[in-house]
Protein chains: 2
Amino acid sequence: MPTQLERRTATTTALLDATEAVLHERGYAATTTAAVCERAGVSQGGLFRHFPTRRALLVAAAVRVAERQTHDVPAGLDLLEGLRHLRAAVRSPANVVWHELVHAARTDEELRRDLAPALRTYHRRTRAAVASLRPAGHPWTETHQTALRIVVTYLDGEAAVAHVLPDPDRDEATLRALADLVRPLLEQP
Amino acid sequence: MPTQLERRTATTTALLDATEAVLHERGYAATTTAAVCERAGVSQGGLFRHFPTRRALLVAAAVRVAERQTHDVPAGLDLLEGLRHLRAAVRSPANVVWHELVHAARTDEELRRDLAPALRTYHRRTRAAVASLRPAGHPWTETHQTALRIVVTYLDGEAAVAHVLPDPDRDEATLRALADLVRPLLEQP
DNA sequence: TACCTTCGATAGCGGTCACTCGCTAACTTT
DNA sequence: AAAGTTAGCGAGTGACCGCTATCGAAGGTA
């Protein structure tokens, strides 16, 4: 016999898991409360006991995704390995969910406002992930920052395209070219 | 007294103009047939005399955008000027509309299918725009192709971010860094 | 045990969506 | 000028949206 708290967290977790899954599979507009509830195995009324509005549910999912992605950034990789890891992170379902929400925020002022804290968390994550690409002990210059902003933005843009038009044959070659492109900047003092 | 054909093209043009405007301002999901009709000054029933479904209207708008962007790619620019022009094109309202539709296509199979021809046109446009970045008379190698794919994808991804989180202070610096990054590759034989 | 609170299910409400239908008016053909 | 075709209108239609009111079941407290 579970406690009330256990019941509560179990259903909210199920709802957030379902929200992520539906966002990933069907996109923002088709992520209806009914679809989420069906997937979570919760009745439609049950959702609104834990989240006052649909938007609150989506923002909670965004916060959870951003915080989860903050963790597990491995260190000590060389440049190419680091890029590979970064690309995988950026193409992960979690990042698709994230883009789905950020994209919707462009034309939804209230969503954009509620998403702002999670957006800051996301930026912290990308900076941390990117920091692991430079050998430890070396100082960071303005040039490095800019080069790495380019890398991250490129990979993020590439991921968006890859989800509509995948091109696995060229993936590895492009990544090597990217590494060659930024290596001089990263390894200079 | 206009002919039937003139009347027809006038209203379809008004509808497509309105579709672009609403897509740009309110996004894909909020681009309802009612909103488009109101903006175009056409009754709701009138729309369906020219476009059998909402999707057909959106695809027609996409085709028109992609074809329009194919034109006016100036030649003879140096690298930095070329990048500036490319970034402006990629940040234009037309490209926002384009991204709005491509993004929606990720989770809408029928839209993705109908959008495929326009997507090929779009790729032709980006290749043409990017070809102007290399001095005329120089042959194109595989390395150049890959480097320029990176440039275009980066700028496209940057544009997507810029619409949610603009950062004009760093825009110019980032563009110069990008030019420095790819210049060695472009100017080598 | 008796009482209270919270959770989750069900039915349904008001609103909006894409799309249809019946119609008038305008253009085209004969 | 008569007949036929097409453009455009706007009130509907059923489906589905986010959300709420109500209620039985289960957990917590005395």
Side-chain angles (χ1 to χ4, degrees), chain A residues 1-19 22-23 25-62 100-101 104-105 107-111 114-115, chain B residues 1-19 22-23 25-62 100-101 104-105 107-111 114-115:
Chain A
M1 44 182 126
T3 68
Q4 301 251 58
L5 184 66
E6 283 168 348
R7 282 188 7 170
R8 184 179 184 84
T9 56
T11 60
T12 55
T13 303
L15 284 168
L16 290 174
D17 288 346
T19 304
V22 178
L23 275 170
E25 288 173 18
R26 302 207 227 164
Y28 179 83
T31 302
T32 63
T33 55
V36 171
C37 289
E38 186 189 348
R39 180 125 192 168
V42 174
S43 69
Q44 297 209 29
L47 188 152
F48 291 94
R49 185 161 298 274
H50 306 287
F51 301 97
T53 63
R54 171 186 185 253
R55 198 176 66 243
L57 172 74
L58 294 169
V59 170
E100 207 64 42
L101 291 163
T107 50
D108 185 335
E109 190 185 318
E110 295 174 327
L111 179 64
D114 293 355
L115 223 50
Chain B
M1 48 182 121
T3 69
Q4 300 252 57
L5 183 66
E6 284 168 347
R7 284 190 5 171
R8 185 179 185 84
T9 56
T11 60
T12 54
T13 302
L15 284 168
L16 290 174
D17 288 346
T19 303
V22 177
L23 275 170
E25 289 174 16
R26 302 207 225 165
Y28 180 83
T31 303
T32 63
T33 55
V36 171
C37 288
E38 186 189 348
R39 181 129 193 164
V42 174
S43 69
Q44 297 210 31
L47 188 153
F48 292 95
R49 171 93 36 201
H50 306 287
F51 301 98
T53 63
R54 170 185 185 253
R55 196 175 69 242
L57 172 73
L58 294 168
V59 170
E100 207 66 40
L101 291 163
T107 49
D108 185 336
E109 191 184 318
E110 296 174 327
L111 179 63
D114 293 355
L115 223 49

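Note on naming: letters A, B, ... go to the chains in the order of the sequence lines (proteins, then strands), and numbering restarts at 1 for each one. Quick caveat: nothing in here was measured; it's all calculated off a predicted structure.
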How many whole angstroms separate atom [atom1] of [X] from atom [atom2] of [N]?
X: A/F51; N: D/dT20; atom1: CZ; atom2: P; result: 15 Å
X: B/L111; N: C/dA18; atom1: CG; atom2: C1'; result: 15 Å
X: A/F48; N: D/dG18; atom1: CZ; atom2: P; result: 7 Å
X: A/Y28; N: D/dC17; atom1: OH; atom2: P; result: 14 Å
X: B/E38; N: D/dC9; atom1: CD; atom2: P; result: 13 Å
X: B/Q44; N: C/dC23; atom1: CD; atom2: P; result: 20 Å
X: B/R7; N: D/dC9; atom1: CZ; atom2: P; result: 9 Å
X: B/L47; N: C/dC17; atom1: CG; atom2: C1'; result: 14 Å

Inset, instruction - Run through A/T33, A/L58, A/L57 and flag the one making a side-chain contact (heavy atoms from CB on, under 4.5 Å) with A/F51. - result: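 For A/F51, the side-chain contact (heavy atoms from CB on, under 4.5 Å) test succeeds with only one of A/T33, A/L58, A/L57, which is A/L57.
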Legend entry - Result of checking A/D17, A/V22, A/L23 against A/T19 for side-chain contact (heavy atoms from CB on, under 4.5 Å):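 The side-chain contact (heavy atoms from CB on, under 4.5 Å) with A/T19 is passed solely by A/L23 among A/D17, A/V22, A/L23.
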Return no unless some side-chain N or O of [X] is found under 4.0 Å from OP1 or OP2 of [N].
X: A/T32; N: D/dC16; result: no
X: B/H50; N: D/dT6; result: no
X: A/R49; N: C/dG8; result: no
X: A/T53; N: D/dG18; result: no
X: B/T33; N: C/dA18; result: yes

So which nucleotide from [options] ends up closest to the side chain of [X]?
X: B/T3; options: C/dG8, D/dC19, C/dT28; answer: C/dT28
X: B/R8; options: C/dA9, D/dA7, D/dG8; answer: D/dA7
X: A/R54; options: D/dG18, C/dT10, C/dC19; answer: D/dG18

Inset, instruction - Look at atom CD of A/E38 and say whether more than 12 heavy atoms of other residues, nucleotides or ligands are closer to it than 6.0 Å. - result: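 Atom CD in A/E38 is not crowded, with 12 or fewer foreign heavy atoms closer than 6.0 Å.
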Legend entry - More than 12 heavy atoms from other groups under 6.0 Å of CZ on B/R26: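 Counting neighbours around CZ of B/R26, 12 or fewer heavy atoms of other residues, nucleotides or ligands fall under 6.0 Å, so no.
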Inset, instruction - Specify the residue among B/G41 and A/R55 whose closest nucleotide of DNA chain D lies further upstream toward the 5′ end. - result: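 The residue whose closest nucleotide sits nearer the 5' end is B/G41.
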Legend entry - Value rounded to 0.5 Å, distance of OG1 in A/T31 from CD in A/E100: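 A/T31 atom OG1 to A/E100 atom CD measures 7.0 Å (nearest 0.5 Å).
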Inset, instruction - Nearest-nucleotide wise, let me know which of B/L5 and B/P52 is further upstream toward the 5' end of DNA chain C. - result: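 Closer to the 5' end of DNA chain C: B/P52.
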